[in-house]
Protein chains: 2
Amino acid sequence: MKKKISIYDIARDMSVSSATVSYVLNGKAAEKRISKGLEERILAHARELGYRPNMIAKSLRTGKTKIIGMLVEDISDPFFSSIAKVVEERAAQLGYRIFYCSTENDTTLTKGLLRVFRDAQVDGYIIAPPPGLEQDLQELQEDGYPVVLFDRFFDGLETANVVTDNFDGAYQAIRHFVENGCQQIGFITLDSEQVQMQDRLSGYDKAMEQSGLESLVLKVPYEIKHRNAAGKIKTFLEDNSHLEAVLFATNYLAIAGLEVMNDLHMQAPADLSVISFDDIKYFSLFSPSVTAVAQPVEAISEAVIQQLIDCLESSGTLEKKTTVLPVNLVVRASSSPVLAVR
Amino acid sequence: MKKKISIYDIARDMSVSSATVSYVLNGKAAEKRISKGLEERILAHARELGYRPNMIAKSLRTGKTKIIGMLVEDISDPFFSSIAKVVEERAAQLGYRIFYCSTENDTTLTKGLLRVFRDAQVDGYIIAPPPGLEQDLQELQEDGYPVVLFDRFFDGLETANVVTDNFDGAYQAIRHFVENGCQQIGFITLDSEQVQMQDRLSGYDKAMEQSGLESLVLKVPYEIKHRNAAGKIKTFLEDNSHLEAVLFATNYLAIAGLEVMNDLHMQAPADLSVISFDDIKYFSLFSPSVTAVAQPVEAISEAVIQQLIDCLESSGTLEKKTTVLPVNLVVRASSSPVLAVR
DNA sequence: GTATAACGCATAATCGATTAAGTGTTAAGG
DNA sequence: CCTTAACACTTAATCGATTATGCGTTATAC
């Protein structure tokens, strides 16, 4: 293992103290009135030796790591990975690194990950929290760490939040169905108390009520989300063959639903009109292309990282406000109006 | 900011030295013959105070961070994010954390990321390297860091590599086309010297040659991969309207290709039979469902993490071997035999 | 009865930085 | 001629761990 160069090596070579080297390397030469000549010689020698500061020693001393911990639900979900990518990029430009992990929306697992992040002394947190994390987030904030939540938040908890207009997304989707002449409109969502899901449900309910239509909702238990969502959806569609349209609350529910429709030899939109939340880039190539409620990935990422880094750099306090970004209904084939009488 | 508990706090409370506390907390009480009673009292008090070791101080002293740096081409590509997720999971079980970043296959960017990782003193590296990284990887290894490459590697460089049988993947795909009666078979790939791309090309060429068919290859310049691959592909398909089948060398090329086909009102497989490399979960729902050469994501991840952690834990040296994992052709609608005479 | 070993812990150096306070030299001021 | 200030750095404490070595007390051995 090659020995790393430390400021002591440079100090020795230049016959000065390590403090002088430290000041010079931190650009405090003028402030500490180190002579121009010495400054330049130290800089030159540091470059020559290929000196790289030991971040660990630096962090131990300063208490800052320039690392941001990010917890997403699932890094292999295109919605989250797109956000992670943009956040990572912006953070890098501002001199910060992002460490991300998938929570699987599991409370216990997430508490463990939070411990890991605290142990790693990350400077700040970006979190799409699973349920039941109020206490931990509260403590995190009380201990002075800046936290920005995104995609969802907790009603009782004062935090900085960046979310999209989930209510309006669902509302627009249902209005679109109604304008296309659908009346029997279902909503397939997760059985979750989380605010983003509740808002989507409210948007659906509201739009249905305003249109004088009756709600029909399937709540898939969270635990079986990946294992057997398809089974539940299949039963639901079979039991409610009168349905003309369905809004899916997440992209993976929609994908499971489309698989079920394939199985049942149902075509969208002829047999069932379909809209999904989260516009993932693959939807345009699905059979049929899928209408989706697009969340503004770039805007979410920008808002999140901006707020966090502003706070970190100013050592000020984070403004505990909720930023709501608009959604956009991307209309594709899966929700085309069906002309023929059913 | 709440003050963190250190071993000194515990030592003071118990009226012992910090060394004693350190031994106890590291399970070396017996070895250092600390009395059972004291050991238990220290442990109890540590728990009571909610003591958490300062990983930064620990790392500074030991030189180990229990962190693995992982460089993938693009974290929002399902192929890479699936691998990242499995690797992350296994690493966590073994007490390691993964920090990942996207290289965009950009040499300069990647060199920078390597610097960041070195600065962060990660214990080991998992890398899907962009071109031109030989020198840096060489140095990394010479400096004593374990490195495992995956998805691609460098012929002149002795490293531990985990790759799939790219040659066979392309070969199987072409054989499948031929068995379905296709003769005019094109290959759309990247203009890249990287080994995984070269192998896919060789597999294609070999299969074509053995079938007595003539090769027809489009090499999309790497730089325009995302910006304008579609344009190149469109021109290629228009100029070669006699093509009956096309193999795409990556999932995003296939996606671009399918978009172009939509544009040109070409249907797969009737107008053009299609196979893609990388089986991403969305392919089954595309229009039509896409036949793909599936790489064994789980097996790749396991092999990568196993080799690296074995090396880290045994402080032995990494075996510089290349592990080649088999691929699997998943046949779907986009490559169905076309019965009608063309 | 004394040398030796075993026991049970303490001392202090160390990792590589940061930074407040100090120190020796020279020049200017009165 | 002596004080003060400016200059240009140095000293040393500190962050929170790890770990080789040391050291006083009691028990055992011969």
Side-chain angles (χ1 to χ4, degrees), chain A residues 1-43 45-46 49-67 118-123 144, chain B residues 1-43 45-46 49-67 118-121 123:
Chain A
M1 189 81 64
K2 199 158 83 182
K3 196 194 167 311
K4 281 203 66 171
I5 309 294
S6 78
I7 56 171
Y8 291 100
D9 299 321
I10 299 178
R12 189 177 6 81
D13 293 356
M14 300 273 104
S15 307
V16 297
S17 77
S18 66
T20 306
V21 177
S22 173
Y23 289 134
V24 168
L25 294 177
N26 284 292
K28 295 188 183 158
E31 181 187 332
K32 295 291 170 180
R33 28 187 188 222
I34 310 292
S35 65
K36 260 293 174 215
L38 180 54
E39 178 184 4
E40 276 160 21
R41 282 187 295 125
I42 288 177
L43 250 20
H45 193 60
L49 293 184
Y51 169 77
R52 294 254 105 203
N54 182 320
M55 290 306 175
I56 296 183
K58 187 174 247 182
S59 295
L60 177 59
R61 189 64 236 268
T62 62
K64 304 258 148 258
T65 54
K66 292 273 181 180
I67 292 172
R118 294 198 68 157
D119 287 352
Q121 324 249 129
V122 304
D123 290 345
Chain B
M1 189 81 63
K2 197 157 83 182
K3 197 193 167 309
K4 281 203 66 170
I5 308 294
S6 80
I7 55 170
Y8 291 101
D9 299 321
I10 300 178
R12 189 177 7 79
D13 292 356
M14 300 273 105
S15 306
V16 296
S17 78
S18 67
T20 305
V21 176
S22 174
Y23 288 134
V24 168
L25 294 177
N26 285 291
K28 295 187 183 158
E31 180 187 333
K32 294 291 170 182
R33 29 185 188 219
I34 311 291
S35 64
K36 261 293 173 215
L38 180 55
E39 179 184 3
E40 277 160 19
R41 280 186 299 124
I42 289 177
L43 250 22
H45 193 61
L49 293 184
Y51 169 77
R52 293 254 105 204
N54 183 321
M55 291 306 175
I56 296 183
K58 187 174 245 181
S59 295
L60 178 59
R61 191 64 237 270
T62 62
K64 304 259 150 259
T65 54
K66 292 273 179 178
I67 293 172
R118 294 198 67 156
D119 288 352
Q121 322 249 128
D123 290 345

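Convention: sequence-line order gives letters A, B, ...; per-chain numbering from 1. Just so we're clear, the structure is a prediction, and the values are computed from it rather than from any experiment.
Comparing C:dT18, C:dA17, D:dT18 by their nearest atom to the side chain of A:T62 picks out C:dT18. The side chain of A:A19 has D:dT10 as its nearest neighbour among C:dA13, D:dT10, C:dC9. Here C:dA10 is the nucleotide among D:dT18, C:dA10, C:dA17 with the atom lying nearest to any side-chain atom of B:V16. Closest contact between the side chain of A:T20 and the listed nucleotides D:dT19, D:dG16, D:dC9 involves D:dC9. With distances taken from any side-chain atom of B:R33 to the nucleotides C:dG8, C:dA17, C:dT18, the minimum falls on C:dG8. Distance from the side chain of B:S18 is smallest for C:dA12 among the nucleotides C:dG16, D:dT10, C:dA12.
At whole-Å resolution of the value, CG in A:D119 and C1' in D:dG16 are 13 Å apart. Residue A:K66 contributes atom NZ, which lies 13 Å from atom P of C:dT18 at whole-angstrom precision. Atom CG of A:L25 and atom P of C:dA17 are 9 Å apart (whole Å). Rounded to whole angstrom, the span from the CD atom of B:E31 across to the C1' atom of C:dA6 amounts to 16 Å. The nearest whole Å value for the distance from the NZ atom in A:K58 to the C1' atom in C:dT19 is 14 Å. Straight-line distance from the CE atom of B:M55 to the P atom of D:dT18: 9 Å, rounded to whole Å. Following rounding to the nearest Å, B:N26 (CG) and D:dA20 (P) show an atom-to-atom distance of 12 Å. The CZ atom of B:R52 sits 15 Å away from the C1' atom of D:dG16 (whole-angstrom rounding).
Nucleic acid contact for B:I56: none, since no nucleic acid atom lies under 4.0 Å from a heavy atom of the residue. At the heavy-atom level, B:S22 lies under 4.0 Å from base atoms of the strands shown. Base engagement by B:K32 is indicated by at least one non-hydrogen atom pair under 4.0 Å involving a base atom.
Counting only distance, with no hydrogens or angles, the side chain of A:S22 and the backbone of A:S18 share no donor-acceptor pair below 3.5 Å. Within the 3.5 Å criterion, the main-chain N or O of B:I10 finds no donor-acceptor partner in the side chain of B:D13.
Within the 4.0 Å cut-off from OP1 or OP2 of C:dA17, not a single side-chain nitrogen or oxygen of A:S59 is found. In terms of phosphate contacts, B:Y51 brings a side-chain nitrogen or oxygen within less than 4.0 Å of OP1 or OP2 of D:dA17.
Closest heavy-atom contact between B:L60 and A:A57: CD1-CB, 3.8 Å. Residues B:S59 and A:I56 share a closest heavy-atom pair of CB-CD1, 3.7 Å. Residues B:I34 and B:V24 share a closest heavy-atom pair of CG2-CG2, 4.1 Å.
For D:dA20, the base has a donor-acceptor partner in the side chain of B:Y23 [N/O atoms by modelled type, under 3.5 angstrom].
If you take CZ on B:R12 and CD1 on B:I7, they are separated by 12.0 Å, rounding to the nearest 0.5 Å.
Looking at which nucleotide of DNA chain C each of B:A57 and B:S17 is closest to, the 5′-most match is held by B:S17.
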